[in-house]
Amino acid sequence: MEKTFEPQSIEKQCYQQWEDAGLFKASGEGQPYSILLPPPNVTGSLHMGHGFQQTIMDALTRYHRMKGDDTLWQVGTDHAGIATQMVVERKLNAEGKTRHDLGRETFIDKIWEWKEQSGGTITSQMRRLGTSPDWDREVFTMDDNLSNAVTEVFVKLHEDGLIYRGKRLVNWDPVLHTAVSDLEVLNEEEDGHMWHMRYPLADGSGELVVATTRPETMLGDTAVAVHPEDERYQHVIGKEIKLPVTGRLIPVIADDYVDPEFGTGCVKITPAHDFNDYEMGKRHNLPMINVLTADARLNDEVPEQYRGMDRFDARKQIVGDLDASGHLVKVDKHKLNVPRGDRTGAVIEPYLTDQWYVAVESLAKPAIEAVESGEIRFIPENWNKTYYQWMHNIQDWCISRQLWWGHRIPAWYDNDNNVYVGRTEEEVRSKHGLDASVALRQDEDVLDTWFSSALWPFATMGWPEQTPELDKFVPSSVLVTGFDIIFFWVARMIMMTKKFTGKIPFKDIYITGLIRDESGDKMSKSKGNVLDPIDLIDGIELDALVAKRTSGMMQPQLAEKIAKRTRKQFPDGIQAYGTDALRFTFVSMASTSRDINFDMGRVEGYRNFCNKIWNASRFVLMNTEEHDTGRDGGEMTLSLADRWIWAKFQQTLKDFEKALGDYRFDLAAQTVYEFTWNQLCDWYLELTKPVLNNDASSDAEKRGTRHTLINVLEHTLRLLHPFMPFITEEIWQRVMPLSAVKTDASSIMVQPFPQQDAALLDEKVLNDIEWVKKFIVGIRNIRGEMDISPNKPLNALLKNVSDEDSHRLDAAKGFLDKLSKLESVTVLQADEKAPPSATALVGEMEILIPMAGLIDKDAELARLTKAIDKVQKDLSRTEGKLANEKFVSNAPDAVIEKERAKLEDGRKQMEKLNEQVETIRSL
RNA sequence: GCGUCUAUAGCUCAGUUGGUUAGAGCGCUACCUUGACAUGGUAGAGGUCCCCUGUUCGAAUCAGGGUAGACGCACCA
């Protein structure tokens with residue numbers, strides 16, 4: 001094996017072999033276990049969030065596959081209507097064209113072209129990450145079978161009266177020229193103004209002052225409202241206002257909605273351009289005057305001088321005109337929430353249009369119950385509150401989009417605008433008896449992307465066909481996703497899957513945190529703090545990284561700052577850490593917290609961990625290759641250390657599986673890291689040396705230790721495999737032939753996961769080695785603090801040796817001599833006097849290292865004083881507790897027992913330490 | 001306005017139903033090229049567990065109230 005681990009040399013080849021061998025497919029045997037990949041944007045590329053979540057999904061998939069489950073990770077991509085259309089449109093714009101220049105058909109062809117060209121990016125990046133979904137089942141939301149499912153669902157919901165078409169106020173994105181759902185609108189507080197305007201009464205008897213943040217909407221005002229009990233305005237209710245600028249007459253109405261305390265207590269009402277006003281308009285049968293065009297210019301409903309003006313230009317103009325005519329009272333600065341489209345950032349306008357809606361109330365009910373009953377479980381649990389809050393207040397879902405890229409709505413209109421819904425035009429014609437003489441045209445709109453995503457759990461399994469997969473893999477075992485799409489996606493999947501299959505879509509919903517940069521900022525292009533998972537795997541030169549972060553920016557003026565920051569943070573670019581290190585970093589960061597600050601230091605640490613595994617394996621192979629490892633039998637004697645490492649392995653395995661069951665990947669990672677590095681490498685490998693490098697060891701002893709070495713490593717590789725697939729595969733291929741494993745299988749990934757075996761968890765052995773460790777550490781400690789070279793052999797004297805100590809000493813003598821470099825160990829008799837020494841305590845046994853010529857008196861005194869302080873501190877606490885009668889009478893016996901033992905222990909230690917101090921002082 | 005979350009070492013984070021000497025990684029200090037590994041080893045330093053009050057024999061952990069921050073939903077023109 002190479003001296004250092006070089007991931008890039010093995011990963012790609014390894015993956016290819018797995019995929020070629022068809023190892024990612026469900027086995028068809030065992031309990032079904034399945035995970036749905038949240039379909040990424042087909043033309044997107046992998047970001048840290050994907051890397052994070054997919055690593056988790058892959059770890060679960062690999063784990064369950066090894067456990068023998070019938071494991072399917074269903075993969076696929078999403079057409080991402082708005083996002084994809086925007087990308088292609090932007091490319092067109094760069095050529096000086098718009099989609100309208102091309103026309104619908106040609107434009108859609110262009111998008112398909114773009115999909116062909118860049119559609120493989122994210123799936124090939126997933127392969128770099130080592131993910132193991134069943135690629136043969138990969139689907140795309142616009143594939144025929146998924147599109148059929150979409151149509152089927154639309155038609156059925158329409159038949160059930162749960163999809164309807166209606167003219168309503170919607171959130172309109174004037175850049176995209178489409179309606180968007182409530183969820184796609186972000187409200188942010190921004191600085192704005194409040195304009196106070198004077199509205200004269202038509203009869204000349206006075207005026208009312210109204211205030212607005214959007215003065216241009218006054219052109220569409222159809223009333224002024226006051227509170228019905230507002231004494232100031234009783235006399236004007238029912239009178240008419242002569243609307244400035246337009247001269248239109250509008251009524252003064254009374255409505256509870258008006259807050260008399262706010263402003264003047266008079267509100268201008270614009271039903272066609274404000275959601276609250278719209279409701280009031282309906283209550284009072286007010287006319288609804290739409291004054292805007294689709295791109296938010298003023299339309300022909302307004303006085304001529306404003307027609308065709310952009311809404312914000314018109315705002316200035318109108319304010320100016322009102323001022324000039326004396327209708328402007330004042331302008332105040334005002335903070336307000338501005339609704340913006342989540343894709344475009346454009347200010348959203350409430351806009352009166354015909355759209356398709358899903359009536360969600362009846363769908364929401366079973367979806368809420370599924371979570372309330374515990375059938376579906378959120379992890380962490382508190383997310384169900386977020387879910388309930390939204391579901392209990394859910395509004396009908398506007399599903400039509402005035403886009404071209406997506407599933408076209410299966411509805412047709414005749415020339416009288418009668419609407420017919422059906423799977424095809426033929427079906428519509430035959431169902432409604434419309435012959436060829438009736439011209440039909442299909443609805444121009446497409447469906448919200450999330451409409452098709454909502455069907456993911458069953459559409460990917462072949463629905464509406466009744467397939468075996470539908471039976472087996474619905475519900476799936478766990479959904480791994482971010483909290484940002486609980487409403488967009490998770491809730492809607494639950495509703496749709498319940499409605500169309502009667503089943504829940506998944507049992508567990510594991511909500512991951514959001515990956516942020518090292519200081520907690522969201523990673524974004526404009527902040528220039530984005531990390532590409534592939535760059536962490538392969539490494540990237542500084543210049544290339546800077547170029548990447550500063551190219552294609554929406555705000556090029558930020559480029560310089562970003563370049564500077566990047567050069568400062570990564571003066572040497574980013575090293576190639578390899579996939580396994582990155583994956584281990586991801587799992588180790590997956591705690592319950594909502595934000596995860598990505599720390600490069602962790603990746604480096606886990607790269608070192610990979611290297612550690614690599615080198616430990618080199619050691620094992622060096623000592624087992626061309627040796628008898630007992631693979632084919634032969635007498636074996638296991639050393640204390642051999643039995644101990646198996647016990648430790650079992651402990652680790654148990655903790656690991658518990659953590660994984662709780663979705664605590666961080667704890668699972670920590671457990672295996674601690675075992676591998678601190679137990680296996682730091683102790684066990686060292687403890688094999690006294691056996692293997694000792695001519696006095698018997699063949700059976702050597703065979704036993706070699707057998708343990710190779711097989712514990714083999715087990716550890718399988719334990720680590722779900723998190724670190726590549727390095728474990730690479731090493732396993734060399735280790736397996738020496739181990740007890742006899743298999744035809746070509747890969748570790750289809751080996752069984754290690755089995756828990758309580759019989760190996762030998763408490764006595766665990767305690768014995770703890771004693772050995774304490775012994776060795778005690779001596780190392782003396783060396784460290786006394787400045788005695790680690791190489792200098794020492795003679796140790798032992799005092800106060802119990803029978804147990806004595807047994808342990810016999811069993812572990814070889815370990816002790818070697819690991820703490822002892823020339824001799826002498827047990828002192830009870831009455832024997834010891835020479836002045838440095839001391840370490842192992843329980844009650846004293847290790848004495850005679851000081852003659854070695855040890856500095858003051859240093860030893862200082863060391864002892866420190867030890868005494870520590871013990872004393874503890875002792876006083878314990879004494880205090882036990883002296884407290886309330887403690888003794890209230891605390892559980894076990895706790896009291898523990899404290900008593902501690903007290904006794906502490907006292908004995910104190911005694912020994914004090915004796916030592918006396919001895920040293922008397923020198 | 002309603003709801004959720006966070007605060008522990010210089011940094012990034014763990015800490016199970018209340019009982020630990022409050023831990024890990026990175027960083028820091030000293031020593032060590034010992035035949036797996038300097039991407040390493042050994043030993044160490046480093047904490048007012050955000051603040052206050054309470055419950056309790058006992059609180060990082062539970063309750064109440066603050067402070068600072070993050071987020072979601074709904075919003076008064």
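Computed from a predicted structure; not experimentally measured. We name chains A, B, ... by the order of the sequence lines, and we start the count at 1 in each one.
- Rounded to a whole Å, the NZ atom of A/Lys881 is 11 Å from the C1' atom of B/rU21.
- When the C1' atom is used for both B/rU20 and B/rC49, the distance is 14 Å, rounded to whole Å.
- Of all nucleotides present, only B/rU67 satisfies the Watson-Crick or G-U wobble test against B/rA7, with each distance under 3.5 Å.
- If you check B/rA22 for Watson-Crick or wobble pairing at under 3.5 angstrom, you find it has no partner at all.
- Nucleotide B/rG72 forms a pair with B/rC2, judged by Watson-Crick or G-U wobble geometry with both contacts under 3.5 Å.
- Using a 4.0 Å heavy-atom criterion, one finds that A/Thr270 contacts no nucleic acid atom at all.
- Taking the six-membered ring for Trp and the full ring otherwise, A/Phe378 and A/Phe483 have centroids separated by 6.0 Å or more.
- Nucleotides B/rU21 and B/rA9 have their C1' atoms positioned 16 Å apart, rounded to a whole Å.
- Looking at A/Thr270 and A/Lys268, their side chains do bring a donor and an acceptor atom within 3.5 Å of each other.
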In 5'-to-3' order, the base (B), backbone-only (S) or no-contact (-) status of each nucleotide in nucleotides 32-40 of chain B, using a 4.0 angstrom heavy-atom cut-off, is ----BBSBS

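- A/Asp332 and A/His193 form no side-chain donor-acceptor contact under 3.5 Å, judged by distance and modelled atom types alone.
- When the C1' atom is compared between B/rA63 and B/rG47, the two are found 25 Å apart, to the nearest whole Å.
- When the nucleotides B/rU21, B/rC57, B/rA77 are ranked by their closest atom to the side chain of A/Lys268, B/rA77 comes out on top.
- Pair assignment for B/rA77 gives none, since no Watson-Crick or G-U wobble pairing has each distance under 3.5 Å.
- The closest donor-acceptor contact from the side chain of A/Ser820 to the backbone of A/Asp817 lies at 3.5 Å or more, if one exists at all.
- Atom CZ in A/Arg877 sits about 7 Å away from atom C1' in B/rU21, given to the nearest Å.
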Produce a footprint string for nucleotides 1-12 of chain B: one letter per nucleotide, 5' end first; B if the base is under 4.0 Å from any protein heavy atom, S if only the sugar-phosphate is, - if neither.
-> -B-BS------S

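- The CZ atom of A/Arg783 sits 17 Å away from the C1' atom of B/rG44 (whole-angstrom rounding).
- When the P atom is used for both B/rU6 and B/rG10, the distance is 22 Å, rounded to whole Å.
- Base pairing of B/rG54 is made with B/rC62, judged by Watson-Crick or G-U wobble geometry with both donor-acceptor distances under 3.5 Å.
- Regarding A/Asp662, its CG atom lies at a distance of 11 Å from the P atom of B/rU17, rounded to whole Å.
- Summarising the geometry, the separation between CG on A/Asn187 and C1' on B/rG72 is reported as 12 Å, rounded to the nearest angstrom.
- Look at A/Arg516 and you won't find any side-chain N or O under 4.0 angstrom from OP1 or OP2 of B/rC13.
- Between A/Tyr387 and A/Trp383, the ring center distance fails the sub-6.0 Å criterion.
- What separates CG of A/Leu667 from C1' of B/rU16 is a distance of 9 Å, to the nearest Å.
- Nucleotides B/rG41 and B/rA36, compared at atom P, are 13 Å apart to the nearest Å.
- The side chain of A/Phe487 lies closest to B/rC73 when the candidates are B/rA77, B/rC73, B/rG44.
- For B/rG58 and B/rG19, the P atoms lie 14 Å apart once the distance is rounded to whole Å.
- A donor-acceptor contact shorter than 3.5 Å is absent between the side chain of A/Arg516 and the backbone of A/Met523.
- Residue A/Gln670 contributes atom CD, which lies 9 Å from atom C1' of B/rG15 at whole-angstrom precision.
- To the nearest whole angstrom, the two C1' atoms, one in B/rG25 and one in B/rG15, are 15 Å apart.
- The partner of B/rC49, taking Watson-Crick or G-U wobble pairs whose two distances both stay under 3.5 Å, does not exist in any strand shown.
- For A/Ser588 and A/Glu899, each mapped to the nucleotide of RNA chain B holding its nearest heavy atom, the one lying further toward the 5' end belongs to A/Ser588.
- Aromatic ring orientation, A/Phe52 versus A/Phe586: tilted (interplanar angle from 30° to 60°).
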Kindly indicate, with the supporting measurements, whether the criterion side-chain contact (heavy atoms from CB on, under 4.5 Å) is fulfilled by A/Glu184 and A/Asn171.
-> CA-CA 9 Å; A/Glu184 291 159 274; A/Asn171 300 296; over 6 Å; no

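- For the pair A/Ala211 and A/Leu186, both in contact range of RNA chain B, the more 5′-proximal nearest nucleotide belongs to A/Leu186.
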Please test A/Ile574 against A/Leu536 for side-chain contact (heavy atoms from CB on, under 4.5 Å), starting from the C-alpha separation and ending with a verdict.
-> CA-CA 7 Å; A/Ile574 297 175; A/Leu536 297 181; 3.7 Å; yes

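- The separation between A/Tyr673 atom OH and B/rC13 atom C1' is 14 Å, rounded to whole Å.
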Can you check side chain to side chain donor-acceptor pair (under 3.5 Å) on A/Thr386 and A/Gln389, steps first, answer last?
-> CA-CA 5 Å; A/Thr386 307; A/Gln389 198 193 357; 5.8 Å; no

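- Rounded to the nearest Å, the gap between the P atom of B/rA7 and that of B/rU29 is 30 Å.
- Ranking B/rU21, B/rG19, B/rC57 by closeness to the A/Lys886 side chain, first place goes to B/rC57.
- Between A/Phe609 and A/Trp677, the angle of the ring planes stays under 30°, which puts this pair in the parallel group of the 30/60° scheme.
- Among A/Lys902, A/Arg907, A/Lys898, the single residue meeting the side chain to side chain contact (heavy atoms under 4.5 Å, CB included) criterion with A/Thr878 is A/Lys902.
- A 3.5 Å limit on both hydrogen-bonding distances identifies B/rU29 as the Watson-Crick or G-U partner of B/rA43.
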